Amino acid sequence: QVQLVESGGGLVQPGGSLRLSCAASGSIFRLYTMGWYRQAPGKHRELVADISSGGNTNYADSVKGRFTISRDNAKNTVYLQMNSLKPEDTAVYYCNAHHTFLDYWGQGTQVTVSS
C-alpha cells in the first residue's frame, strides 16, 4: 500500500513558476514509476510527466521544455517544477505511483494560472 500526498499548488500569473511535491509512504518508493497527471474541467485526465525507477523521464508534448520531473528516493518524494506557466496549464494535478499491476493516486492539488 502506498499513500501519496501532494502539495505546492496555488494561483500563479502566466509566465510564473510553481513546484509541486508528492510525498510517498508505506512501501518501497524507489521501485515505483512516479508520475504527474492533470485534469482540467470537462477534460480527461492526462499524463503530464513520469519518471521511472531508473530515472528515465517522459513528458507530454505540451509541457516539454517548461516542466521538469525529478525524484529523491532518500526522501520518498517526487517533484514537478513548472516554469513559464500558461492559462491552459490550469487543472487539478495528481501524483501517481505505478508498479506492475498496482496504481496509487494522491488526492490532487489545484493549479490555477490566471492574471
Side-chain angles (χ1 to χ4, degrees):
Q1 186 74 15
V2 175
Q3 294 82 43
L4 303 173
V5 179
E6 301 104 332
S7 60
L11 173 64
V12 63
Q13 292 186 342
S17 298
L18 282 175
R19 188 175 83 154
L20 305 183
S21 299
C22 173
S25 61
S27 189
I28 305 174
F29 174 81
R30 60 183 174 83
L31 297 182
Y32 286 81
T33 291
M34 300 299 298
W36 287 98
Y37 289 72
R38 66 187 181 188
Q39 188 167 16
K43 295 188 176 182
H44 295 294
R45 190 173 295 188
E46 63 175 0
L47 174 68
V48 176
D50 63 21
I51 182 166
S52 70
S53 58
N56 294 318
T57 58
N58 175 50
Y59 295 92
D61 287 343
S62 59
V63 307
K64 283 181 181 177
R66 300 189 297 123
F67 291 10
T68 303
I69 190 170
S70 61
R71 65 191 298 164
D72 185 337
N73 290 339
K75 295 183 178 179
N76 280 13
T77 302
V78 62
Y79 305 97
L80 185 68
Q81 178 66 44
M82 305 186 294
N83 298 328
S84 302
L85 282 160
K86 304 175 181 180
E88 51 264 44
D89 295 317
T90 295
V92 178
Y93 283 70
Y94 296 91
C95 180
N96 171 268
H98 174 76
H99 181 59
T100 59
F101 54 87
L102 299 173
D103 266 297
Y104 300 98
W105 294 92
Q107 81 287 353
T109 185
Q110 176 70 46
V111 172
T112 302
V113 185
S114 175
S115 55

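Being a predicted model, the structure only gives us computed values, none of them experimental. Along the sequence shown, the residues carry numbers beginning at 1.
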Should the ring pair Phe67 and Tyr93 be called parallel, tilted or perpendicular, given that the plane angle runs from 0 to 90° and is split at 30 and 60? tilted
Are Val12 and Tyr79 connected into the same hydrophobic cluster when the rule is that any two of I, L, V, M, F, W, Y join if their side-chain heavy atoms are below 4.5 Å apart? no
With a 4.5 Å cut-off on side-chain heavy atoms, are Met82 and Arg66 touching? no
Measuring only between side-chain heavy atoms, which start at C-beta, is Ser7 closer than 4.5 Å to Thr109? no
Can you see whether Phe29 has Arg71 sitting over its ring - NZ or CZ less than 6.0 Å from the centre and within 45° of the normal? yes
d(Ile69 CD1, Gln81 CD) to nearest 0.5 Å is 12.0 Å
For the side chain of Asn96 and the backbone of Tyr104, is there at least one donor-acceptor N/O pair under 3.5 Å apart? yes
According to a hydrophobic-cluster definition based on side-chain heavy atoms being under 4.5 Å apart (Ile, Leu, Val, Met, Phe, Trp, Tyr only), do Val113 and Leu11 belong together? no
Over all atoms of both residues, closest heavy-atom pair of Pro14 and Ser115: CD-N, 3.7 Å
Can you tell me how far apart CG (Leu80) and CE (Met34) are? Round to the nearest 0.5 Å. 11.5 Å
Do Leu31 and Ser53 make a side-chain contact, defined as non-hydrogen atoms from C-beta onward lying under 4.5 Å apart? no
Euclidean distance, Asn58 CG relative to Asp50 CG, rounded to 0.5 Å: 4.5 Å
Under a 4.0 Å threshold between the charged nitrogen and the carboxylate oxygen, would Asp89 count as salt-bridged to Lys86? no
Backbone N or O of Thr100 within a donor-acceptor pair of the His98 side chain at under 3.5 Å? yes
Shortest non-hydrogen contact from Asn83 to Ser17? OD1-OG, 2.9 Å
Once you round to the nearest 0.5 Å, how far does CD1 of Ile51 lie from CH2 of Trp36? 12.5 Å
Search all heavy atoms of Ala97 against all heavy atoms of Leu4 and return the closest pair with its distance. N-CD1, 3.7 Å
Verify same cluster id: Trp105, Phe101 (apolar side-chain graph, 4.5 Å): no
Do any N or O atoms from the side chain of Gln39 and from the backbone of Ala91 form a donor-acceptor pair under 3.5 angstrom? no
Can you tell me how far CD of Gln107 sits from CD of Gln3, rounded to the nearest 0.5 angstrom? 12.0 Å
To the nearest 0.5 Å, what is the distance between OG1 on Thr68 and OH on Tyr59? 4.5 Å
After noting the C-alpha distance and the side-chain angles of Val111 and Leu20, does the key distance pass the side-chain contact (heavy atoms from CB on, under 4.5 Å) rule? CA-CA 9 Å; Val111 172; Leu20 305 183; 4.1 Å; yes
Minimum heavy-atom separation for Ser21 to Thr77, with atom names? CB-CG2, 4.4 Å
In terms of hydrophobic clustering (I, L, V, M, F, W, Y; side-chain heavy atoms under 4.5 Å; direct or indirect links), are Leu102 and Val5 co-clustered? no
So if you build clusters from Ile, Leu, Val, Met, Phe, Trp, Tyr with side-chain heavy-atom gaps below 4.5 Å, do Val63 and Tyr37 land together? no
Less than 4.5 Å apart, any side-chain heavy atom of Arg38 and any of Ser62? yes
For Thr112 and Thr90, indicate whether the former's side chain and the latter's backbone hold a donor-acceptor pair under 3.5 Å. no
